[in-house]
Amino acid sequence: MSFQIVTRFAPSPTGYLHVGGARTALFNWLLARHSGGQFLLRIEDTDLARSSEQAVKQLLDDLRWLGLNWDNVELVFQSKRLEAYNGIIEQLMSQGMAYKAYETPEELEGQRRIAERAKRAYIYKRPKLTDEQIRKYESEGRPAVVRFAMPVREFRFHDVVLGKEIVLGASQVQDFVIRKTDGMPTYHFAVVVDDAAMGISHILRGQEHLLNTVNHIALQEALGYARPTYGHLPVILNTDGSKMGKRDRDKKIRHRANVWLKNTKRSAAELAAAAALETGRIEGWLADDGRQLEAAEQQKLMPVVGLEAGDLPEILVHDFRASGYLPDVLLNFLALLGWSPGGDRERMSVGEMVQLFSLDRVGQANAKFNRDKLLAFNTEACAAAGATQLVPAMRDFLSVNADSPLGSADAAALEKVIAMNVGMRTLREAEQKSRFLFLADENIEYQADAVEKILLKNDKQGLNVLGRMRQVLDETLDWTAACVEAAVKGYCASASLALGKVAQPIRVAVSGTSISPPIFASLEFLGKERTLRRIDNCLRFATSQ
RNA sequence: GGCCCCGUCGUCUAGAGGCCUAGGACACGGCCCUUUCAAGGCCGCAACACGGGUUCGAAUCCCGUCGGGGUCACCA
């Protein structure tokens, strides 16, 4: 009988998948796939208040997008396993290994405060209740939790990632809650029961769980379960060293809010009013760097201070998807956060990672999440992929960016757009540069600074060139990028003008801005008629300025 | 604060006592290319946290200091 490695990913459905969670999922997935074992998915929804069906959907969607497929057809939901948990809890209680505890949250909070003031860690002490007291509490209907009676002794376990024995002294252990007053099991309990039930052999998780492990092994011992192999992954941090979370986004919004206040010379109260938010809330937030806005509040504030969805640093898998990153690139980058195949090897396909993955090459130092490098990886991958292959990725990108004018483009058009955007760093970058190609000619918005700098400056030199170019282009019969290029360059030569002096006015005329894909490919895509119409529109607009 | 974990360029890392004058990637700087933004090419800058040991020899082993992180929930 040979052992099969069985790993799992067990998120709680509280929202979209976070990159930290994705990294945990990836490592477990890689371990399973590398060894030909199984990777299972379980939903830890024992916190009724925070779990939602919507979040489950989002989680699965993110996992699918990444390609981290799971092997259990039937998902395990902890909320559906109450009977199993309760049976085991009853059994533990009847054996004296667990007991009801009646303290109220307020009482516990008070004790904690005392411990904190005394500068020691709070350790729960089981009160010695008489039978009479218990009867009294029960008849009062006082809510009770069930606590596991932790054996008071030292616990130790081996960690495969850290490569060492973790030891927790007897004075550090305490009786922990295994069933809440609402009747739901706690994480500590459900995780142990389910990992055993699902035959999990290896558990890779974030280092924030390191000390929890002793609770879990104590429970395993009490229940007669085998102990799985544990490995605790280093934490992913923000660039400023804080734990990766919402903070990076908040920081950016805060910065822009302060700029807004300074530039407009208005007050925090006016800012709050403009965003339809509570004044006190905004004032408090601005005054205290430690505070963070809720996601809904962030969304209201962003347009006011001039931020768009894509401007914030991404932290959720979904953010990266919406920003136009390729899933395999994200996976590659995430894998490198805490793991290395050794040597100079960095860029890997998913298949290569599966082949190369090994636990003893997982690192133990925390890693900061460096978006620049991810961007560089994505740029390379886009260049390597080729236009045809990127069409489905672009489709996917558009599916989560419903407001894009490229949404209606067919595959051939998308392929052309991608092809003319060589050098793009993200799908979004290509999409934004190419939007003008899909707008109605009348809907081109001429950017004031571009019009000023490229058309009006120096005695309307650009505008004059544009007028003459209209003539040249009108006379160009064969409307291909090559022919248009020849015509424009011919004109440049005869007029002794640098190409830039001519290309930029055309660019502004057709796109409204000074940035676009290479101009000749853009013009070919637009077609002669639309190009001329846009030039006419622009001529009229700029002349009136 | 107690307990636990960690510590190689700015960042991610390679490095398992001599192969290290410490390698790669990203970022950064310079130059080149160029119709914009990107992309691309070439060159360059840059680290073993500190202090003690052990050893003929230490980035690699041990101890201490310092620094960073995690955790102390009826959240997972």
Side-chain angles (χ1 to χ4, degrees), chain A residues 10-14 44-47 49-51 101 103-105 108-109 112 115-123 143-147 159 162 164 166-169 171-172 174 176-182 184-188 190-191 205-212 214 232 234-235 237 239 241-243 333 336-347 363-377 379-380 382-383 421-425 429-430 432-433 450 454 485 488-489 492 498-504 506-508 511 513-520:
Chain A
S12 63
T14 55
E44 309 222 319
D45 54 352
T46 54
D47 185 348
R50 299 205 309 164
S51 301
E103 294 87 354
T104 64
L108 291 173
E109 191 46 45
R112 258 182 228 119
E116 197 182 322
R117 261 199 292 274
K119 292 194 184 295
R120 10 165 267 265
Y122 168 67
I123 301 280
V145 298
V146 176
R147 279 178 189 267
D159 186 294
L162 265 14
K164 65 186 289 191
I166 304 299
V167 183
L168 200 66
S171 64
Q172 305 297 314
Q174 63 181 321
F176 56 95
V177 175
I178 57 175
R179 185 166 68 195
K180 304 181 256 186
T181 49
D182 68 1
M184 297 297 284
T186 60
Y187 160 74
H188 297 299
V191 79
R205 46 166 36 162
Q207 218 163 83
E208 60 270 20
H209 288 291
L210 188 63
L211 276 345
N212 287 337
V214 307
H232 292 88
V235 178
L237 305 169
T239 330
S242 61
K243 196 178 172 187
F333 181 74
L336 258 17
L337 248 36
W339 173 75
S340 157
D344 293 346
R345 199 83 188 271
E346 279 199 325
R347 321 293 150 111
Q364 33 275 133
N366 291 346
K368 289 179 185 163
F369 193 91
N370 178 209
R371 285 188 185 74
D372 287 334
K373 186 156 177 168
L374 208 211
L375 226 207
F377 273 37
T379 308
E380 268 182 43
C382 285
N421 276 289
V422 261
M424 69 168 128
R425 304 189 310 198
E429 204 168 82
Q432 288 197 325
K433 260 203 272 183
I454 292 164
E485 179 169 357
V488 173
K489 282 188 173 166
C492 287
L499 184 53
K501 293 283 181 211
V502 180
Q504 281 303 78
I506 303 177
R507 198 185 305 280
V508 172
S511 75
T513 73
S514 58
I515 296 172
S516 85
I519 192 65
F520 304 118

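Below, chain A is the first sequence line, B the second, and so on; all start at residue 1. Owing to the predicted nature of the structure, the values given are computational and were not obtained by experimental measurement.
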Trainee: For A:F369 together with A:F333, are the ring centres under 6.0 Å from each other?
Mentor: yes
Trainee: May I ask which nucleotide in the shown strands pairs with B:C72, Watson-Crick or G-U wobble, both distances under 3.5 Å?
Mentor: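 Here B:C72 is engaged in a pair, and the nucleotide opposite it is B:G1.
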Trainee: Under 4.0 Å: is that the gap between some side-chain N or O of A:K180 and OP1 or OP2 of B:C75?
Mentor: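 Yes.
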Trainee: If you measure from the P atom in B:U60 to the same atom in B:U54, how many Å do you get, rounded?
Mentor: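 Approximately 15 Å lies between the P atom of B:U60 and that of B:U54.
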Trainee: Only pairs with both distances under 3.5 Å count, Watson-Crick or wobble alike; so what is the partner of B:A22 in this structure?
Mentor: none
Trainee: What is the base-pairing partner of B:G64, counting Watson-Crick and G-U wobble geometry with both distances under 3.5 Å?
Mentor: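 Because both required distances fall under 3.5 Å, B:G64 counts as paired with B:C50.
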Trainee: Kindly say if A:T46 contacts the phosphate of B:A76, meaning a side-chain N or O under 4.0 Å from OP1 or OP2.
Mentor: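 Indeed, a polar side-chain atom of A:T46 lies that close.
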Trainee: For nucleotides B:C20 and B:A59, find the distance between their P atoms and express it as a whole number of Å.
Mentor: 13 Å
Trainee: Under 4.0 Å between a side-chain N/O of A:R371 and OP1 or OP2 of B:U11, yes or no?
Mentor: no
Trainee: Using the P atom in both, what is the distance from B:C75 to B:U65, to the nearest Å?
Mentor: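 Nearest-Å result for B:C75 against B:U65 at atom P: 38 Å.
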Trainee: Regarding B:C75, can its base be found pairing with the side chain of A:S12 as donor and acceptor, where the two atoms are less than 3.5 Å apart?
Mentor: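 Absent.
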Trainee: Does a nitrogen or oxygen in the side chain of A:K164 sit under 4.0 Å from OP1 or OP2 of B:C5?
Mentor: yes
Trainee: At under 4.0 Å between heavy atoms, how does the protein contact nucleotides 31-42 of chain B? Give one character per nucleotide, 5' to 3', with B, S or -.
Mentor: ----BBBBS---
Trainee: Any side-chain N or O of A:R112 under 4.0 Å from OP1/OP2 of B:C74?
Mentor: yes
